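Okay, so here's the structure we're looking at.
None of the values given here were measured: they were computed from a predicted structure.
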Amino acid sequence: MSEFLHIALPKGRLGERVYRRFAAAGFACPGVLEDTRRLIFENAEQKVRYFWVKPSDVAIYVERGAADLGVAGKDILLEYRPDVLELLDLQTGCCRMAVAARQDFRDRPERTLRVATKFPRIAGDYYRSLGRDIDIIRLNGSIELAPLLGLSDVIVDLVETGATLRENHLTELETVAPVSARLIANRASFPFHRAAITAVMEGLRQQPEEA
Amino acid sequence: MTEWAAALQPEERAPLELRALYRQYGYTYYKMSRFEEYDFYARNRDFLVSEGVIPFTDTTGRLMALKPDVTLSIVKGCRPGKGEVTRCFYHENVYRVSDLSQTYREIPQAGVEAIGEIDRAVRCEVALLAAKSLRALSNSCVLTLSHLDVAAALLEPLPAPARAPALACLSQKNAHGLTEICKQWGAAEVLPALRELPCQTPAFSLAAEELAAAAEAAAAGGAEVAIDFSLVQSGRYYNGLVLEGFMKGAPARVLSGGQYDPLLRRLGKQAGGVGFAVYLDRLPVESDPAEEDADVLLLYPAGAPADRVLAVAERLRAQGKRVAACKAAPAGGRYREQIILDQNGEVTGA
């Protein structure tokens with residue numbers, strides 16, 4: 001590798017777990033996992049430079065070429081549709097995008113369905129595929145509250161174990177899409193870093209996901 | 001580089017360099033209006049790169065649009081005779097609504113179109129011109145080529161509803177997604193299916209030959225050439241050879257094009273077409289923070305005779321220096337040297 005490969009990692013537990021796989025694959029970088037306020041780390045020998053960014057911003061950094069590679073959830077890729085290459089399913093951070101409602105919910109197809117979600121595009125596409133008329137209520141957090149307070153009929157949100165839903169007397173109705181972390185690449189930097197990116201991909205493929 | 005060329009920004013210099021290149025190959029300059037009837041785009045919306053057309057009503061009440069695409073307009077007005085090929089180049093701004101920010105964007109483009117009885121020699125010439133266009137503007141550039149009939153052959157074993165998502169996976173180099181789709185639709189595993197590709201069919205063999213010829217021609221253009229089957233572009237617009245260009249330092253493709261026979265058929269023309277556009281707003285930004293605003297900052301006090309100030313400045317300019325004459329040094333300004341004039345316009349210090 002003659003030039004640095006810039007890799008955007010999502011801040012948080014998922015990013016740390018993914019970084020350990022990068023490190024085990026031979027692309028370690030001192031200090032990445034230390035508890036500091038630094039955001040950029042580099043390994044001059046391996047020619048890799050990591051930076052921590054907000055998970056929902058990873059795809060933007062990669063699409064705009066500030067990062068050559070990044071790790072983003074499939075939910076972000078489906079919602080924002082960045083023009084990037086999706087090179088690898090890292091099989092980590094696995095969960096699903098699902099429709100959930102109150103346990104006593106009964107669907108009334110003759111009425112517009114009120115859907116609360118952080119993911120309006122995913123929800124819109126899903127119900128459009130079913131030919132269902134919906135009213136999207138965009139929220140930024142505590143989505144489970146919406147059906148409990150009568151703000152919406154259903155929610156479309158990420159579900160991992162279902163514990164939060166159960167604790168709030170909600171039930172899962174449908175799976176919209178499986179979600180996991182993906183290795184993504186900038187389209188324009190791929191032709192210039194083909195060998196290095198392929199080496200990273202192969203290295204990650206050989207590292208099993210931590211339990 | 002001449003003084004006037006050095007004064008230009010890359011996006012201003014690039015079209016002039018490209019213009020000189022295209023003229024060498026017998027392409028003539030095509031100038032067009034900024035406006036077109038909205039109905040024209042409404043009827044051919046599926047051939048537009050972006051859905052966002054900017055409409056307006058003209059003084060007679062007709063619904064018009066700011067031109068969102070150059071090729072459509074060129075094809076509309078082009079009538080090559082039998083056996084002929086019309087070759088033209090353009091440098092135009094197009095206007096679109098950004099999908100991301102939903103704001104209006106003005107996008108400068110330069111490019112070439114060859115329309116008429118297109119044969120392999122013309123397609124190879126366009127591939128070569130694409131490579132040369134990249135090389136003219138960057139020392140480190142890659143031209144990627146593909147042929148849509150190859151992608152079509154890859155997806156042939158899949159049922160029709162699965163082809164669009166499979167094509168999306170192909171364009172993202174998403175092998176895991178493609179495997180999932182194959183499993184879901186009961187098709188064979190990807191790799192065994194690839195091994196059984198109908199390589200002996202005439203269409204596939206022809207596509208492979210076309211691609212090889214175009215790649216060989218482009219290789220002489222000075223850019224690195226790569227075959228990349230993830231380059232699938234819009235299947236509605238293109239039908240054969242497709243190409244994309246990248247430059248080091250530019251975060252997105254700077255060149256895009258290919259063969260667009262379906263567009264000509266839609267507009268009722270018995271002809272083929274091939275061409276490409278260079279996106280001048282995406283060229284790598286030249287960062288030269290060391291460059292001075294001028295060679296000399298000529299400082300004069302209030303009341304200094306104007307003719308003396310002008311005379312001193314002109315004398316310096318005659319020596320080939322760039323001179324900024326000011327009463328006070330501009331904040332943040334950068335100059336090689338500073339010359340100070342007194343009340344009489346005489347040089348007092350540096």
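- A/Val62 does not touch chain B: none of its heavy atoms, backbone or side chain, sits under 4.5 Å away.
- From B/Gln172, atom CD reaches atom CG of A/Leu77 across 7.5 Å, with rounding to the nearest 0.5 Å.
- Listed in order of number, the residues of residues 131-139 of chain B that approach chain A to under 4.5 Å between heavy atoms amount to none.
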Verdict with reasoning, B/Glu224 to A/Phe192, per side-chain contact (heavy atoms from CB on, under 4.5 Å): CA-CA 10 Å; B/Glu224 188 185 326; A/Phe192 296 100; 5.6 Å; no
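- When the side chain to side chain donor-acceptor pair (under 3.5 Å) test is applied to A/Glu86, the partners found at least two apart in sequence or on another chain are A/Lys74, A/Arg182, B/Asn174, B/His176.
- Atom CZ in A/Arg187 sits 9.0 Å away from atom CG in B/Leu231 (nearest 0.5 Å).
- Interface remark: B/Ala226 contributes side-chain atoms only to the contact with chain A (heavy atom separation under 4.5 Å).
- More than 12 heavy atoms of other residues, nucleotides or ligands lie within 6.0 Å of CZ in A/Arg38, so this atom counts as buried by the packing criterion.
- Only the side chain of A/Asn186 has a heavy atom closer than 4.5 Å to any heavy atom of chain B.
- No part of B/Cys169 comes within reach of chain A, as not one of its non-hydrogen atoms sits under 4.5 angstrom from that chain.
- With sequence neighbours left out, A/Ile60 forms a side chain to side chain contact (heavy atoms under 4.5 Å, CB included) with A/Asp57, A/Arg64.
- Other residues, nucleotides and ligands contribute at most 12 non-hydrogen atoms within 6.0 Å of the CD atom of B/Glu216.
- Closest of all the heavy-atom pairs between A/Ala188 and B/Ala250 is CB-O, 3.5 Å.
- Neither the backbone nor the side chain of A/Arg81 has a heavy atom closer than 4.5 Å to any heavy atom of chain B.
- Closest approach of B/Ser171 to A/Leu85, counting heavy atoms only: O-CD2, 3.6 Å.
- Closest approach of A/Leu87 and B/Lys173 over heavy atoms only: CD2-CB, 3.8 Å.
- Identified by a heavy-atom distance below 4.5 Å to chain B, contributing residues of residues 118-134 of chain A are lacking entirely.
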